Novice: 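So that we are looking at the same thing, I have put the structure below in structure tokens.
Here the structure is a predicted model, which means the values were calculated and not measured.
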Amino acid sequence: MLKQNDAELQKELKKKTHTPKDIERIKFLSSGLFDFAKMAERSLPKKTWDTASAAAKAEFIKEFQRMIENSSTHKFKTTKFTPPDSTIYEEPKYRKNNEEVWVSIHSWDKGKDMLMVYKMDKTGNSWRVWDLVIDDLSTTRNYQDQFKSILETKSFKELIQTIKDKADEYAK
């Protein structure tokens with residue numbers, strides 16, 4: 001699944017120019033495997049998540065996903081990406097009675113190795129990413145640290161507004 005998705009993404013990134021339709025395709029390929037609801041939940045302190053209303057959780061998930069997707073799109077529009085020289089996919093490591101899997105990918109560009117670990121849970125018959133670790137930096141943990149810091153001085157509603165504002169900023 002990851003190999004196929006990656007091959008399609010690399011094909012799109014190799015294009016010299018990108019139409020709005022290409023950008024949408026890149027956005028889909030780069031974020032389509034993610035379980036944003038689980039990422040959002042794991043990015044918040046447990047107490048914050050547990051005490052939030054269903055409506056607040058839904059709004060947080062929506063804005064969190066929008067922020068990540070808009071950020072990715074912004075990066076694709078403003079950064080020149082070159083496909084890696086080579087990519088090696090390690091054998092998946094199954095955990096928690098085969099309900100969770102970690103897939104490590106080594107990507108080399110000009111002799112430099114970048115390690116990415118996709119942490120996935122099984123949702124129905126498919127696997128969905130809830131964390132992407134790049135060179136030992138967890139995306140989910142990074143958001144968790146940022147949100148925890150914000151929540152020390154702001155309410156959950158204000159955090160959602162901050163994320164909404166950031167998503168809007170990336171959309172420009």
Side-chain angles (χ1 to χ4, degrees), residues 1-2 5-6 8-9 12-13 18-81 95-96 99-105 114-172:
M1 172 183 78
L2 286 172
N5 191 67
D6 186 46
E8 290 180 45
L9 181 58
E12 289 294 327
L13 292 174
H18 295 103
T19 66
K21 186 177 177 180
D22 293 335
I23 294 292
E24 285 303 311
R25 176 81 176 138
I26 290 168
K27 186 162 87 170
F28 171 77
L29 289 168
S30 64
S31 66
L33 300 176
F34 284 84
D35 183 340
F36 288 105
K38 188 163 283 187
M39 276 183 80
E41 178 180 352
R42 290 183 179 203
S43 293
L44 286 173
K46 184 171 176 21
K47 182 180 178 187
T48 302
W49 184 260
D50 289 347
T51 58
S53 69
K57 288 177 185 177
E59 184 179 10
F60 179 76
I61 293 166
K62 181 184 106 181
E63 295 303 334
F64 179 78
Q65 179 173 350
R66 204 168 68 83
M67 179 187 69
I68 292 173
E69 288 179 341
N70 288 352
S71 171
S72 296
T73 302
H74 177 76
K75 286 177 189 165
F76 290 125
K77 288 179 180 177
T78 60
T79 306
K80 171 109 173 85
F81 286 93
R95 303 163 58 96
K96 298 183 182 177
E99 292 298 316
E100 182 176 287
V101 66
W102 293 14
V103 179
S104 297
I105 299 171
M114 179 173 67
L115 174 64
M116 294 181 287
V117 179
Y118 288 84
K119 295 181 179 182
M120 299 179 269
D121 282 343
K122 200 167 196 175
T123 305
N125 292 329
S126 65
W127 293 96
R128 305 285 290 168
V129 178
W130 60 266
D131 194 13
L132 174 59
V133 180
I134 302 172
D135 290 333
D136 292 326
L137 297 174
S138 163
T139 305
T140 302
R141 191 174 331 119
N142 182 38
Y143 283 119
Q144 187 180 60
D145 291 344
Q146 290 178 46
F147 297 160
K148 182 180 176 191
S149 177
I150 291 169
L151 288 166
E152 288 175 1
T153 59
K154 295 184 177 183
S155 69
F156 185 51
K157 184 175 181 170
E158 290 170 310
L159 171 63
I160 294 170
Q161 186 60 50
T162 300
I163 292 169
K164 183 179 186 312
D165 293 344
K166 193 55 107 172
D168 292 343
E169 180 183 319
Y170 286 131
K172 294 178 184 174

Novice: Between side-chain atoms of residues 33-44 and protein atoms elsewhere (two or more places apart, or another chain), which donor-acceptor pairs fall under 3.5 Å?
Specialist:
unit_1	atom_1	unit_2	atom_2	d
Asp35	OD1	Ala37	N	3.3
Asp35	OD1	Lys38	N	3.1
Lys38	NZ	Asp121	OD2	2.6
Ser43	OG	Met39	O	2.6

Novice: Which heavy atom of Trp130 sits nearest a heavy atom of Glu100, and at what distance?
Specialist: CZ2-OE1, 3.7 Å

Novice: For Asp50, I'd like to know if atom CG has over 12 heavy atoms of other residues, nucleotides or ligands within 6.0 Å.
Specialist: yes

Novice: Roughly how far, to the nearest 0.5 Å, is CD of Glu63 from CD1 of Ile68?
Specialist: 12.0 Å

Novice: Once salt bridge (Lys or Arg N to Asp or Glu O under 4.0 Å) is applied, do any residues pair with Lys164, and if so which ones, sequence neighbours excluded?
Specialist: Asp168

Novice: Report yes if some heavy atom in the side chain of Leu159 is under 4.5 Å from a heavy atom in the side chain of Lys154; otherwise report no.
Specialist: no

Novice: Would you give the length of the straight line joining atom CD of Gln161 to atom NZ of Lys157, rounded to the nearest 0.5 angstrom?
Specialist: 9.0 Å

Novice: Using 0.5 Å steps for rounding, measure from the CD1 atom of Ile163 to the CZ atom of Phe60.
Specialist: 4.0 Å

Novice: For Thr19 and Asp22: C-alpha separation, side-chain torsions, deciding distance, then whether side-chain hydrogen bond (donor to acceptor under 3.5 Å, both in side chains) applies.
Specialist: CA-CA 5 Å; Thr19 66; Asp22 293 335; 3.3 Å; yes

Novice: So which atom in Leu151 and which in Pro45 form the shortest heavy-atom distance, rounded to 0.1 Å?
Specialist: CD1-CD, 3.8 Å

Novice: If the condition is ring pair (Phe, Tyr, Trp, His ring centres under 6.0 Å), which residues does Tyr143 pass it with, not counting sequence neighbours?
Specialist: Phe64, Phe147

Novice: Asn125: which residues meet the side chain to side chain donor-acceptor pair (under 3.5 Å) condition with it, sequence neighbours left out?
Specialist: none

Novice: To the nearest 0.5 Å, tell me how far Ser72 OG sits from Leu29 CG.
Specialist: 11.5 Å

Novice: Find the distance between NZ (Lys57) and CZ (Phe156) and round it off to the nearest 0.5 Å.
Specialist: 8.5 Å

Novice: State the CD-CD1 distance between Glu158 and Ile150, to the nearest 0.5 angstrom.
Specialist: 10.5 Å

Novice: Restricting to salt bridge (Lys or Arg N to Asp or Glu O under 4.0 Å), what partner residues turn up for Lys119, sequence neighbours left out?
Specialist: none

Novice: Donor-acceptor pair, distance only, cut-off 3.5 Å: does the side chain of Asn70 make one with the backbone of Ala167?
Specialist: yes

Novice: Shortest non-hydrogen contact from Ser104 to Leu115?
Specialist: CB-CD1, 4.0 Å

Novice: Does Ser138 have any side chain to side chain donor-acceptor pair (under 3.5 Å) partners at least two apart in sequence or in another chain, and if so, which?
Specialist: Asp131

